[in-house]
2 protein chains.
Amino acid sequence: MSPSEADSALPAGGGAFLLTQLGTHAAQAFAERIAELDLTPPQAGLLRAVAFGPGRSQQALAQQLGTAPTRLVALVDGLEQRGLLERRRNPGDRRLHAVHLSVAGEAVMADIGRVSRDHNDAVLSALDPAEREQLRALLARVATDRGLTPGVHPGYRTLSAADPGSPSREDRATY
Amino acid sequence: MSPSEADSALPAGGGAFLLTQLGTHAAQAFAERIAELDLTPPQAGLLRAVAFGPGRSQQALAQQLGTAPTRLVALVDGLEQRGLLERRRNPGDRRLHAVHLSVAGEAVMADIGRVSRDHNDAVLSALDPAEREQLRALLARVATDRGLTPGVHPGYRTLSAADPGSPSREDRATY
DNA sequence: GTAAATCGTTACAAGTTGTAACAGTGACTC
DNA sequence: GAGTCACTGTTACAACTTGTAACGATTTAC
């Protein structure tokens with residue numbers, strides 16, 4: 001636990017490890033928060049993507065989120081049945097479904113924003129406002145450097161770690 | 001994209017969101033790195049836990065990692081067949097299996113440390129050493145405040161988001 | 001006007017994870 | 001000293017989520 005160990009030798013003491021540890025923790029805490037709105041994190045992410053760019057096709061949304069179009073079908077289905085999303089036929093090209101937010105969907109988006117702010121305050125409660133801004137600036141620089149799309153989680157994509165000869169179980173996980 | 005928006009309104013611009021975004025990204029990058037050693041992140045986590053406290057029982061390891069003892073069985077099985085871990089019968093209490101690292105396991109631990117250092121440098125390449133230490137200190141304070149166990153990922157535990165009446169699919173994900 | 005391409009949908013299959021029940025061993029009590 | 005209860009590790013089972021492939025509907029190109 002000495003600082004010299006944490007800096008030089010220990011693999012679990014580096015900033016990258018802390019990043020994954022805290023990131024997973026923050027994701028779990030956020031999932032519990034929005035569960036109060038009867039929403040899951042993927043649903044919230046889709047709502048946010050639609051709110052950011054309304055009227056897009058499902059394939060465009062899938063490409064931005066980095067997931068397969070198949071997943072979007074069930075996702076949009078659930079939110080449409082709850083009256084939060086609408087599939088509108090595009091008169092110009094009747095193949096694609098323009099996805100829009102309903103009035104109820106916009107209200108839920110406001111709720112999501114409120115929950116996100118509470119979540120943000122809870123996670124960063126150990127830091128004062130100046131330190132929070134300091135952390136945010138550092139993280140934003142790292143995110144830009146790594147080529148991350150603003151506002152989109154990389155959790156939609158699957159990691160490919162297939163090696164021949166590896167055992168069938170215990171292959172891949174979020175860790 | 002203006003700073004005022006990111007600070008006050010946008011739910012995706014806060015530090016907590018950046019934390020989950022970067023945490024997932026770092027976890028994926030680490031998974032790709034250790035795949036070169038034919039290891040998965042859970043396997044690396046178990047090896048690290050055993051190296052940190054050798055000779056513990058599987059239940060003790062499961063409790064520390066926050067996972068079910070069932071998962072540890074297959075995990076230890078795979079690493080034992082590869083000659084990295086050893087199950088030794090404790091003469092004092094023949095019920096429990098004392099889990100130790102083999103010589104090959106210690107060598108792999110050295111490889112993991114090397115890979116982790118490279119991974120750490122790659123993820124934080126946008127920051128100079130002083131900024132990395134600054135970020136590390138801020139993250140460490142948040143992690144302590146949130147009660148996270150040093151060196152252990154919270155990804156082993158399952159999130160419970162069960163609500164009656166919710167659809168069977170699209171329930172829960174890492175996001 | 002016919003053929004190729006695109007979008008959304010559905011059905012199928014694979015993999016991973018959690019829950020519950022089962023032998024072996026030790027501790028405690030009478 | 002025998003019996004009962006508690007604990008460790010293991011195995012088998014079931015549920016869930018995710019990715020791949022094939023199928024109508026519609027548009028564009030030749």
Side-chain angles (χ1 to χ4, degrees), chain A residues 28 31 40-43 46 55-78 80-81 85-99 153-163 166-175, chain B residues 28 31 40-43 45-46 55-81 85-99 153-163 166-175:
Chain A
Q28 287 179 0
T40 64
Q43 288 175 334
L46 174 59
R56 316 246 296 282
S57 71
Q58 296 183 192
Q59 176 158 335
L61 291 169
Q63 187 176 359
Q64 178 192 341
L65 296 175
T67 185
T70 321
R71 277 186 72 180
L72 268 182
V73 177
L75 220 53
V76 175
D77 280 350
E80 190 181 31
Q81 289 173 6
L85 284 184
E86 292 179 2
R87 277 190 245 236
R88 301 183 191 163
R89 278 289 184 194
N90 191 333
D93 190 339
R94 278 208 297 269
R95 287 177 302 181
L96 40 84
H97 287 168
V99 183
H153 279 264
Y156 286 97
R157 228 173 16 123
T158 311
L159 353 162
S160 65
D163 272 36
S166 63
S168 56
R169 287 179 185 176
E170 81 235 26
D171 257 4
R172 143 186 31 132
T174 315
Y175 178 50
Chain B
Q28 287 180 358
T40 63
Q43 288 175 333
L46 174 59
R56 314 245 298 280
S57 70
Q58 297 183 193
Q59 175 158 336
L61 290 169
Q63 187 177 0
Q64 179 192 338
L65 296 176
T67 184
T70 321
R71 277 186 73 179
L72 267 182
V73 177
L75 220 54
V76 175
D77 280 349
L79 294 175
E80 189 182 29
Q81 289 173 7
L85 284 183
E86 292 179 2
R87 278 190 245 235
R88 301 183 191 163
R89 277 291 184 194
N90 192 333
D93 192 339
R94 279 207 296 270
R95 287 177 302 183
L96 41 83
H97 287 167
V99 183
H153 279 266
Y156 287 97
R157 228 174 13 125
T158 313
L159 353 163
S160 63
D163 270 36
S166 64
S168 55
R169 286 181 186 175
E170 83 234 26
D171 258 3
R172 140 187 32 132
T174 315
Y175 175 50

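Letters A, B, ... mirror the listed sequences (proteins, then strands); counts begin at 1. Small disclaimer: the values here were computed from a predicted structure and weren't measured.
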- Query: Between R95(A) and V76(A), which is nearer to the 5' end of DNA chain C once each is assigned its nearest nucleotide?
  - Reply: R95(A)
- Out of dT10(C), dG8(C), dG18(C), which has the shortest distance to the side chain of T70(A)? dT10(C)
- Item | Any Q59(A) side-chain N or O less than 4.0 Å from OP1/OP2 of dC7(C) | yes
- T67(A) OG1 to H153(A) NE2 distance, which is reported to the nearest 0.5 Å: 14.0 Å
- Contacts of A68(A) and D93(A) projected onto DNA chain D by closest heavy atom; the upstream (5') one is A68(A)
- Message: Apply side-chain hydrogen bond (donor to acceptor under 3.5 Å, both in side chains) to residues H97(A) and R88(A) and explain how you reach the verdict.
- Response: CA-CA 6 Å; H97(A) 287 168; R88(A) 301 183 191 163; over 6 Å; no
- Message: By nearest atom, which of the nucleotides dT11(D), dC7(C), dT10(C) is closest to the D77(A) side chain?
- Response: dT10(C)
- What integer distance in Å separates N90(A):CG from dA25(D):C1'? 15 Å
- Task: Measure the shortest side-chain to side-chain distance between L46(A) and V99(A) over non-hydrogen atoms and say whether it is less than 4.5 angstrom.
- Result: no
- From CZ of R89(A) across to P of dT27(D) the rounded distance in Å is 9 Å
- Message: Checking contacts here: which listed nucleotide (dT11(D), dG9(D), dT10(C)) is nearest the side-chain heavy atoms of V73(A)?
- Response: dT10(C)
- Message: Expressed as a whole number of angstroms, how long is the span from Q58(B):CD to dT11(D):P?
- Response: 10 Å
- Nearest-0.5 Å distance, CG of residue L85(B) to CG of residue L75(B): 8.5 Å
- Message: Please evaluate residues L96(A) and Q59(A) with respect to the criterion side-chain contact (heavy atoms from CB on, under 4.5 Å), reporting the C-alpha separation (whole Å), side-chain torsions for both, the decisive distance (0.1 Å), and the verdict.
- Response: CA-CA 9 Å; L96(A) 40 84; Q59(A) 176 158 335; over 6 Å; no
- Please give, in whole Å, the distance from dT17(D) C1' to L72(A) CG? 15 Å
- Task: Starting from C1' on dC7(D), measure out to CZ on R94(B) and report it in whole angstrom.
- Result: 15 Å
- Message: Of the options dG18(C), dT26(D), dT25(C), whose atoms approach the side-chain atoms of R71(B) most closely?
- Response: dG18(C)
- Task: Check whether any side-chain N or O of R87(A) sits under 4.0 Å from OP1 or OP2 of dT9(C), and answer yes or no.
- Result: yes
- Can you tell me how far P of dG24(D) sits from NE2 of H97(A), to the nearest Å? 17 Å
